[in-house]
Amino acid sequence: MRKPRDFDAELQALTDKAKALKTKKQSQLGELVTATGADALSIEQLAGALLDAVGSDASRKEAWRKSGAAFFRGDGARARKGAVRHASSASANGAGPQSPSGEAGAV
């Protein structure tokens, strides 16, 4: 006779695995934000950049993919240089770093 399966134990194991994967994903995202210097941006700027990325055309997304792949290959300096170039052009347009209060240049 076969041994009955313990569905509760299997479900608990899957739940634990899902939690561990979610925690790992959040940790990796935090490490990426720190490694790229995006932690210097306000939460509003970071959210705006991500929303812009979602609505961008395919050619821009492909350029970002290539830049991201270069970053993960270890060519991070070159990938960050492109990010700095975009950030400097944004500050020239008046979209530079802002404090969480929304005032440009406030400390």
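Numbers here simply count residues along the sequence, with the first being 1. This is a predicted model, so every value here is computed, not measured.
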Ser67 side-chain N/O to Ala63 backbone N/O, donor-acceptor pair under 3.5 Å: no
Next on the checklist: For the CG atom on Leu50, are there more than 12 heavy atoms of other groups (residues, nucleotides or ligands in this structure) within a distance under 6.0 Å?
Outcome noted: yes
Residues Val33 and Thr36: closest non-hydrogen pair is O-OG1, 3.1 Å
The complete set of salt bridge (Lys or Arg N to Asp or Glu O under 4.0 Å) pairs with one or both residues in residues 55-66, sequence neighbours excluded, reads Asp52-Arg60, Glu62-Arg65
Side chain to side chain contact (heavy atoms under 4.5 Å, CB included) with Leu46: of Asp39, Leu51, Leu41, only one passes, and it is Leu41
Residue pairs passing the salt bridge (Lys or Arg N to Asp or Glu O under 4.0 Å) test with at least one member in residues 27-36, sequence neighbours excluded, are none
Closest heavy-atom pair, Phe71 versus Ala35, reported as atoms and distance to 0.1 Å, is CZ-CB, 3.7 Å
So side-chain hydrogen bond (donor to acceptor under 3.5 Å, both in side chains) across residues 5-18, not counting sequence neighbours, yields Arg5-Glu10, Gln12-Asp16
